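Okay, so here's the structure we're looking at.
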Amino acid sequence: MKLNDEQQMLQDSVARLMADKGPVSHLRQLRDENNEKGYDEPLWQAMVEAGLTGILVPEEHGGIGFGLVGAGLVAREIGRNLSVTPFLSSAVLGAAALSAGGSDAQKAEWLPAIAEGRAITALAVDDGAKHRPEAIQARVENGTLSGAKLLVLDGHVADLLLVAAQGDNGAGLYLVDPNAGGVTIERTRMADDRNAARVRFDNAPAEAMADGAAALDAALRAGRAVLAAELSGLALEVFERTLAYLKERKQFGRLIGTFQALQHRAALLSGEVAMSEALAMQALDACDRGAEDADQLVLAAKSKAAKVALLAGQEGVQMHGGIGMTDEFDIGFFLKRARAGGETLGDANYCADRFAALRGY
Amino acid sequence: MKLNDEQQMLQDSVARLMADKGPVSHLRQLRDENNEKGYDEPLWQAMVEAGLTGILVPEEHGGIGFGLVGAGLVAREIGRNLSVTPFLSSAVLGAAALSAGGSDAQKAEWLPAIAEGRAITALAVDDGAKHRPEAIQARVENGTLSGAKLLVLDGHVADLLLVAAQGDNGAGLYLVDPNAGGVTIERTRMADDRNAARVRFDNAPAEAMADGAAALDAALRAGRAVLAAELSGLALEVFERTLAYLKERKQFGRLIGTFQALQHRAALLSGEVAMSEALAMQALDACDRGAEDADQLVLAAKSKAAKVALLAGQEGVQMHGGIGMTDEFDIGFFLKRARAGGETLGDANYCADRFAALRGY
Amino acid sequence: MSDLEPFRAETRAWLEANCPEEMRQPMKSQSEHCWGGRKWEFQSEAQKVWLERMADKGWTAPQWPKEYGGGGLTPEEAAILDEEMKRINARTPVSNFGFWMLGPALLKFGSEELKRQHLPPICRGEIRWCQGYSEPNAGSDLASLQTRAEDKGDHFLVNGQKIWTSYADKADWIFCLVRTDPNATKHNGISFVLFDMESEGVTTRPIELISGESPFCETFFDDVKVDKDQVVGELNRGWDVAKYLLTHERNNIGGEPPGFLKGRALGPLAAEYVGTENGKLADTALRADIARLEIDQIAFTALVGKIRAEAEAGQGVGAQSAVLKYYGTELNKRRYEVMMDALGAEGLEWDSERTMGGLYAREWLRSKGNSIEGGTSEVMLGIVSKRLLGLPDA
Amino acid sequence: MSDLEPFRAETRAWLEANCPEEMRQPMKSQSEHCWGGRKWEFQSEAQKVWLERMADKGWTAPQWPKEYGGGGLTPEEAAILDEEMKRINARTPVSNFGFWMLGPALLKFGSEELKRQHLPPICRGEIRWCQGYSEPNAGSDLASLQTRAEDKGDHFLVNGQKIWTSYADKADWIFCLVRTDPNATKHNGISFVLFDMESEGVTTRPIELISGESPFCETFFDDVKVDKDQVVGELNRGWDVAKYLLTHERNNIGGEPPGFLKGRALGPLAAEYVGTENGKLADTALRADIARLEIDQIAFTALVGKIRAEAEAGQGVGAQSAVLKYYGTELNKRRYEVMMDALGAEGLEWDSERTMGGLYAREWLRSKGNSIEGGTSEVMLGIVSKRLLGLPDA
């Protein structure tokens, strides 16, 4: 696929916004000051003003309804800058879940709030250290939810939790007020210095959605596709920084970029990054078009992007040598985020496994 | 492990013998003349005279009882020269099976015949295209065997077939006279130009062994360990030929071995070959010592050797460029044998799978 | 797009009426492909009729100008023709190096006379072309070629040797790189010339590959006379033509490979041989390998689509073709390795009927040449690192 | 071998009697390791007693000569001591760069005076050493180092900057490569000198790694006075000493890495997190990755054993150490990647108690440095290709 003019404009403006207001240095600062909220509030406000929080919210609910390609373009720049906001949690996962499975009242309550940045939502899916949404453990009985979730991104700053649990009709999402009784939230700082939380539910009041299963499916599909775009952007950025270093660092009296072994590895990495990017965009587009193979493409894209981002991080550190191992230098942040983003909503193996299952082997 | 003096002498003498009497050109000739027997008879006679056919046969049965390390040293040189004989079929698989599971009478009849080169045996295990000895299909009932086997190496020249079949006490080996009624042998030429056959048994008379299950186990273990040595030798030879070519072929006005990307790939390949060799010898030695982890080591060695031999073949062809793709040049024979030898008695995946199972995951 | 609907309807009707039933059957093997040329013996009346009818429409080369025997179609129309042919499984009526390589070169660099002389016979499948590029000491380093063409006043005298000349023994004419100025620097002094393979002094010798096939030849030129008007582009500027064609050739790689694996999913194939447990392939490592390979293929296909879309939007493909060549061929090799893992012993049979004459092993072996011919993988990575990434020379 | 049995019996008895119970417990983390040195604060009385008793026997450096504070053991005896210590899980009493690096260098290149001065305090754990090799612009290309030592008659004056100096902030003395002849060619004019880190003009600044630890420092020398008798080996021939030590260092790599994964099988660990189906890991791709990794590790261990056996038989290790360094570190990185795949979100927690303060993620990140420090993987492959394979320079 190729971007249309509207999408190209979006990409250009988001690229400027993120580079200006959400660079890697902000992530470092948030970490160093052990920021309580753990995300870049001025950037988030700027994104609200730019309408980006409503990118998946239909116009009738106050959003711009730009679709997943649009969300992916935002995520790509987030990946390039390691910008820290609840964009994935709220504008993608929350908006996708509510749009797909919310009742009219739930949509009317939450979608405008998400679009206008008045509310942040967080998705709680994983009962264990590995993402296994086919075997959700948390349960809802008589309108109350019990169970424990981890890797709840932005869980400690959320105004609404979307929690995957088993109910009378199988697994689906439920709405839980984080401030309600029976909800215990423990913020867990992750290697990538992003917000995550462990959340316990002990008979916490839970509100059913109109179609909680559809909401869960939609959130996972959208989240994986958008993460694929974020990780592709991350990989591209690491690659470009590494390429620049190859053209500037001298050893043995010559630029290290003149060493053929590094040249070939750089060439391989550039191809992998290009494939990861192209596939992510195709998957996002397939979702927007409602294409038959959208699920396969999304799983493939997430699997590929997770691998490529990690490879880019590894090669980035290795080619930078000692300096790449230092905290002072930014490249390590990308490596950490590559792994954390790769793990989120299903790692490369999980996605490949589901992909294989969809293809019948 | 390190070779002792006796083993070192064996290696040296076998290396001379194979290079003199069993070079790749013989394989080519056998193929081109579509030789009826399909193996190098003069070489086989020389091996008989050197006692190599009795390398696994205990001295009391006329062999030299040199153990699997000895057999592996022979196989290594077979791998380097692609020498074509029934060494694996008869001197390794046959001798190992009969030694481990034959009755006194069976040992007395067959082991001296194997050692003296009077008889060639062939092992028939695989019921399907993939090696799955845990699920043997052929059956023995009332002393007659029915089923179909493929990849029966040297099956069409064998004097005795050792056939894996289900009997009253589970799966094990049975002795079958290839000339008996109910046995149909179809020679199948394989990609590596080795002897193999598809054999059908329709109520063919089958003689039970004293311990057919032990015989099957011993044959598989010995065969895999020896094949690991053969494939390691093959990989070493391909690597050395390729290395020599890197030092001789010029393009762009310089030796291609001066290109760093090729240098690094050659270095990687050399390490892989060295590891494959070291592991194969360790596995053979562990078998001889009756070490507890012998089975794990053998599976690891076969898996590794299959991968490395294939990698060596692939890199060998690629680094030779166009000439490597021609039949006139020998490198392709190594690639073909790498795959066929890798497949025999369990491919890299199969061996890794069994290895994982032994290690409990 | 809707204004193309009449064209689609016409095309569909014409194909329905004119494509013989036999030419709508999938080819059992590549040997059923129609190469054309003076020596061609049609394998069936249907093959002959189909070629004639398509050639009459100009649809053997849909986008070439009508005055040279082509169909004069726009890219959009050509895409529709392609779709409609695929819809009824219509075979390609004829194809050879004349279509893939020489035609594009002539259209870009050739004189009007050369176009009028050579393009129509290609379109009609009357002349089959081969390519004379590589030499024994000029493989990856193609520009160091030594075959020389001496200016003898009214003609050139060509002497030298080519290798890897595809089907030189079956071709009628050759387009050939020759050195016309031995004193110029390496990349200069090369010309792109055309001559008849029946010329005196041309001999060919097929090369047997490790797969057992002989699609390539060694080709020897001993005082071959070549007309001086048979130079494509400027004299001594043949390298430009060659580079253009190499890029063009690489750009064509990246679709699905022909052969056994075409359109065949590896998962179900593997299931036949390794079995399943709980619906998953019983060989867990093979399952992982297939999934990873298929994901990489889908990613590659996405990249091909993106690059082509950009190329059509006028940004051109250029050095990107090296990316496509590299990954396309490496993925194809991986596909064949995984296929061989799945097929086990059956994949290794060399000449049995049940394996269609050892088709699996032969195609597996043949795939190894993909990353050598048309520019090695190493050369491709070099092009990517220098021209796309701008990494400096040592 | 049987004549060594009395030695084994004595050793066993002595260890039984002298190794404190606390020193027989496995270390919970690397922080319990005893580094020794002037600034060392013993973490327990047992740690102190154990060091003293072992130092008295000379067994902190079992194979060094007795006159320098070592144990004077033969390799066979040292192996027995090692086995007997392992039998009761006895901890290494003390260890630092003095044992691993400087000692071997002094024993091979040092003057009698230097040996007598420096080796005994090392053996007693009184002086802790660090290594001054790399500089900001001399990493892989170590020989281009610029730190200079000017001959001031009765002393050298050292100026410059080192980087990646392990625990320079905790060490007492440094062995350091300095340029003593600025006019000589790159590999000449370098000397291997020793000086006290408390000398005036020495400052250190810890470098924080991506794992959050700071095992390395930047170290600055500003007019540091160094005695002229503190040169190891010949003046301007320090490169020989450095090369010897680099090989020695690389040769020591290849055993199991310390840390969380030491002695831990990945299969059962993964089973805890990804679950099993029919006794196999439910994540089939992870299962394949672990099996392939473990097979490669076993193969590597076999190669290490073979190379060491050959080395002991007098064939030496030499450039083989580059093979070991390369594969040892690359395998370790792979192990940590697979571990992270298995641990999922839990592996990513950065400072929680349940992850021992983010131990998994931190060790994973730390492992990335393995293929950089002590000679990068790229440098190792270069050594292999040039020195072992004899491939020519461009």
Side-chain angles (χ1 to χ4, degrees), chain B residues 31 126 128-132 135 150-152 186 188-194 196 198 249-254 256 259-262 265 303 310 313-314 316-333 335-336 339-340 342-344 347-353 356, chain C residues 134 136-141 143-144 163-164 186 207-214 216 272-275 282-289 333 337 340-352 354-355 358 360-362 364-366 368-369 371-373 376-379 381-382 385 394:
Chain B
R31 178 195 71 171
D126 301 345
K130 296 301 293 186
H131 178 72
R132 293 290 179 270
L150 47 73
L151 205 61
V152 181
E186 173 204 352
T188 43
R189 197 149 70 102
M190 305 304 278
D192 62 340
D193 297 299
R194 296 300 173 97
R198 293 191 177 237
R249 167 78 173 171
K250 278 192 176 181
Q251 285 285 274
F252 303 103
R254 48 197 269 210
I256 60 173
F259 287 102
Q260 196 193 33
L262 291 183
R265 273 162 57 188
S303 186
L310 195 55
Q314 290 161 344
V317 169
Q318 181 68 25
M319 291 191 189
H320 277 87
I323 189 89
M325 281 297 293
T326 63
D327 182 74
E328 218 175 329
F329 202 69
D330 285 342
I331 212 88
F333 283 92
L335 174 62
K336 293 170 183 176
R339 212 173 231 293
E343 189 67 37
T344 306
D347 68 5
N349 286 345
Y350 171 83
C351 291
D353 176 86
Chain C
S134 295
N137 289 308
S140 285
D141 183 13
S144 70
I163 196 167
W164 309 121
K186 196 160 125 180
I207 301 169
E208 190 178 342
L209 294 188
I210 56 178
S211 58
E213 307 152 303
S214 300
F216 303 110
E272 277 180 48
Y273 288 83
V274 306
D283 181 336
T284 54
L286 183 63
R287 182 171 186 264
D289 288 346
K333 291 196 299 178
E337 291 292 349
M340 290 297 281
D341 286 344
L343 294 174
E346 197 155 300
L348 289 164
E349 291 190 9
W350 191 244
D351 47 15
S352 64
R354 70 178 76 77
T355 60
Y360 314 126
R362 290 169 194 270
W364 163 64
L365 288 162
R366 180 62 186 86
K368 297 302 170 206
S371 51
I372 298 170
E373 58 208 329
T376 66
S377 277
E378 291 76 18
V379 167
L381 292 178
S385 63

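Predicted, not measured: the structure shown is a model, and the values here were computed from it. Just so it is clear: chains get the letters A, B, ... in the order the sequence lines come, proteins before strands, and each one is counted from 1.
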>> Heavy-atom cut-off 4.5 Å, strictly under: side chain, backbone, both or neither for I323(B) against chain C?
In response: backbone

> Among G382(C), G369(C), A361(C), who wins on heavy-atom pairs under 4.5 Å with chain B?
Replying inline: G369(C)

> Could E349(C) and R194(B) be called an ion pair, given the rule that one side-chain N must be under 4.0 Å from one carboxylate O?
Replying inline: no

>> For the backbone of S211(C) and the side chain of K336(B), can you confirm whether one donor and one acceptor N or O come within less than 3.5 Å of each other?
In response: no

>> Counting only non-hydrogen atoms closer than 4.5 Å, does T326(B) touch chain C with its backbone (N, CA, C, O), its side chain (CB onward), both, or neither?
In response: both

>> Between A261(B) and chain C, with a heavy-atom cut-off of 4.5 Å, which part of the residue counts as in contact: side chain, backbone, both or neither?
In response: neither

>> So does N137(C) get a backbone contact from the side chain of Q251(B), meaning a donor-acceptor N/O pair under 3.5 Å?
In response: yes

> Is any NZ, NE, NH1 or NH2 atom of the basic residue among D341(C) and R339(B) found under 4.0 Å from an Asp or Glu carboxylate oxygen of the other?
Replying inline: yes

> Should the pair E346(C)-R198(B) be classified as a salt bridge under the 4.0 Å nitrogen-to-oxygen rule?
Replying inline: yes

>> Need one label for E343(B): side chain, backbone, both or neither, based on atoms under 4.5 Å from any heavy atom in chain C.
In response: side chain

> Can you check whether I372(C) reaches M319(B) side chain to side chain, under 4.5 Å on heavy atoms?
Replying inline: no

>> For I256(B), which atoms come within 4.5 Å of any heavy atom of chain C: side chain, backbone, both, or neither?
In response: neither

> Pick from Y273(C), W164(C), Y360(C): which one has the most heavy-atom pairs with chain B under 4.5 Å?
Replying inline: W164(C)

